[in-house]
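Reading through the structure tokens given below for one structure.
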2 protein chains.
Amino acid sequence: MTTRTAPADNQPRTPPRRGRPRKGASTLTRDAVIEAAISVIDDAGVEAVSMRTVARRLGVDAKSLYNYVDGKDNLLDAVAEHILTGVALPEPTGSLDTDLRAIGRTFRAGTLAHPRAGALVLTRQLSSTAGLRPVATVLSVLRAAGCGPEEAVHLLRTLLAAVVGTLLREVAAGPTFGVVGPEATAKRQRDLEASGLPVLVEVAPHLARFGHDEEFEYALDLIVNAVTRKVHESSPASSQAPSA
Amino acid sequence: MTTRTAPADNQPRTPPRRGRPRKGASTLTRDAVIEAAISVIDDAGVEAVSMRTVARRLGVDAKSLYNYVDGKDNLLDAVAEHILTGVALPEPTGSLDTDLRAIGRTFRAGTLAHPRAGALVLTRQLSSTAGLRPVATVLSVLRAAGCGPEEAVHLLRTLLAAVVGTLLREVAAGPTFGVVGPEATAKRQRDLEASGLPVLVEVAPHLARFGHDEEFEYALDLIVNAVTRKVHESSPASSQAPSA
DNA sequence: ACCTGAACACCGTTCAAGT
DNA sequence: ACCTGAACACCGTTCAAGT
């Protein structure tokens, strides 16, 4: 099924050269390699990434990449880190509810800036500091709202798991949870109605359709409400103002 | 870094044979292929799966698998489906709270029956009915509790996203969210304290450690409480009994 | 310092033969 | 009906050369 043909990649392939680059324009850097990988992903998905396809974008031999990147796995980690570093986190306002929602939304926007790299960013386990920035931001907001350190960590983990789960479904959107577009929705609804399970028939119109924004907002609302309630019930401090 | 050496796989490799099997013992079936793939995953992880390694387990040539499976991608889908089909879902008791927790726990146990296949099961988008069983079960429980069809679908999606997010972190456990084991925890704590970000220093002891069961239960509790509250506030019906 | 040729040990998959 | 040999177009990666 997955036949191997020419990779979806047509860059101007310069005739073979050797030694170091001719001019002083040594355009090859670690960042250039990472960005080339991202452009391959944007165009053809993660599975299209190979040392050879990335190198081709740069008009360079695959083995040259090893001067900047410690193998393919390391390159993919670097891609995830690069994208994660690019997520712009909002300034806290002092309202737990507002801040958690804002963090959730900007995190979504940032990780979906390159949708086809989404699974990478959400799934790769980063040992670096890149992954810690959003973590630190959420923790700050929780602590500022009067949450104890242990509970803050628990709530952070729950919140992030929910957000990541939601986003992962969004980037990998499969039929189990509904499809996008009217014709696909109609087909899916017919399939569900033919499934034989009465509950599925009952909810078919709703289960068949899926709106990314709407679903994200629903999930975010539910989870942020739950977190906020938990924080306020365990620390009966301020209600809205920072510490007036 | 990832050097290719002999795959971690030492099965009795019979001398080459040709034509169909000698005895009537045509042991090769689609299920046998799927189970061989699972055993490769259990032993060496998903990335160790190749048509060749799976075939080796069965004492057969890689190309023979194509008689039972439509390529590698289809094989991995089949693995995910096989494992998902094996999750034993509990009988509903009539209590929304109890039932959602029970479903969450058995879903966890089922998808983690083969931990190294976890990401596959949680991530692959199944077009088949296998993925619909848990979906239908959750929907039934929500509907029985008086939840309307549209809200049931929203709540199902939120609940499953949170559970999947939590389990995905569990199977792919990386350092960002804490590590397992006392010595790794100690090292992680030192790293966090050296990070420079004050919040991280503050919560380091809690962020460094990670207990799978404890974290799952915390997340499950938070989310199930939120779902239950939402259902009860929008349909002020029974409190505990089915419909007495 | 940074590049490539040659080379190695892998891949997934097709197709025409074999029994 | 089900298996394999030969073959093809790919992989990631090492290492010794080249400039």
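Note that these values count all heavy atoms, side chains included, but never hydrogens, waters or copies made by symmetry. Protein chains get the first letters and strands the later ones, always in sequence-line order, with residue 1 at the start of each.
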Exercise. B:Lys63 has a side chain; which of D:dT4, C:dC11, C:dT4 sits nearest to it?
Worked result: D:dT4
Exercise. Are any non-hydrogen side-chain atoms of A:Asp31 and A:Ile34 less than 4.5 angstrom apart?
Worked result: yes
Exercise. To the nearest Å, how far apart are A:Leu65 CG and D:dT14 P?
Worked result: 13 Å
For this session: Figure out the CG/C1' separation between B:Leu28 and D:dT4, and round it to whole Å.
Result: 13 Å
Problem set entry | N-O pairing of A:Arg105 and A:Glu217 below 4.0 Å | yes
Exercise. What would the secondary structure line of DNA chain C be in dot-bracket form, counting Watson-Crick and G-U wobble pairs under 3.5 Å, with [ ] for pairs that cross earlier ones and | for pairs with another strand?
Worked result: ||.|||||...|||||.||
Exercise. Do you know the tightest heavy-atom contact between A:Asn74 and A:Arg30?
Worked result: OD1-NH1, 3.7 Å
For this session: Return the nearest nucleotide to the side chain of B:Tyr66; candidates are D:dC11, C:dT14, D:dT14.
Result: C:dT14
Exercise. Heavy atoms, side chains only, cut-off 4.5 Å: are B:Lys187 and B:Arg190 in contact?
Worked result: yes
Seminar exercise, completed: Whole-Å distance, A:Met51 CE to D:dT14 C1', equals 12 Å
Problem set entry | Residues A:Arg108, A:Glu170: salt bridge by 4.0 Å N-O rule | yes
Problem set entry | Between C1' of C:dG12 and CG of B:Asn74, the distance in whole Å | 14 Å
Problem set entry | Distance test, side-chain N/O of A:Lys72 to OP1/OP2 of D:dG12, below 4.0 Å | yes
Exercise. When you check the phosphate oxygens OP1 and OP2 of C:dA1, does a side-chain N or O of A:Asn67 lie under 4.0 Å from one of them?
Worked result: no
Exercise. Reckon A:Asp61 touches a base, only the sugar-phosphate, or nothing at all at heavy-atom distances under 4.0 Å?
Worked result: sugar-phosphate
Exercise. Does A:Arg157 reach the side chain of B:Leu207, with side-chain heavy atoms less than 4.5 Å apart?
Worked result: yes
Problem set entry | Rounded distance in Å - CG (A:Leu75) to C1' (D:dT13) | 14 Å
Seminar exercise, completed: Winner on side-chain proximity to B:Thr53, out of D:dC11, D:dG5, C:dC11, is C:dC11
For this session: Tell me what B:Ser64 touches on the nucleic acid: a base, only sugar-phosphate, or nothing, going by heavy atoms under 4.0 Å.
Result: base
For this session: Please determine if a side-chain N or O atom of A:Tyr68 lies less than 4.0 Å away from the OP1 or OP2 oxygen of C:dC3.
Result: yes
Exercise. Taking the side chain as C-beta and beyond, is there a heavy-atom pair between A:Glu214 and A:Arg209 under 4.5 Å?
Worked result: yes
Exercise. Roughly how many Å is it from CZ in A:Arg30 to P in C:dC2, rounded to a whole number?
Worked result: 14 Å
Problem set entry | Nearest-angstrom distance from the residue atom CG of A:Asp70 to P of D:dG12 | 14 Å
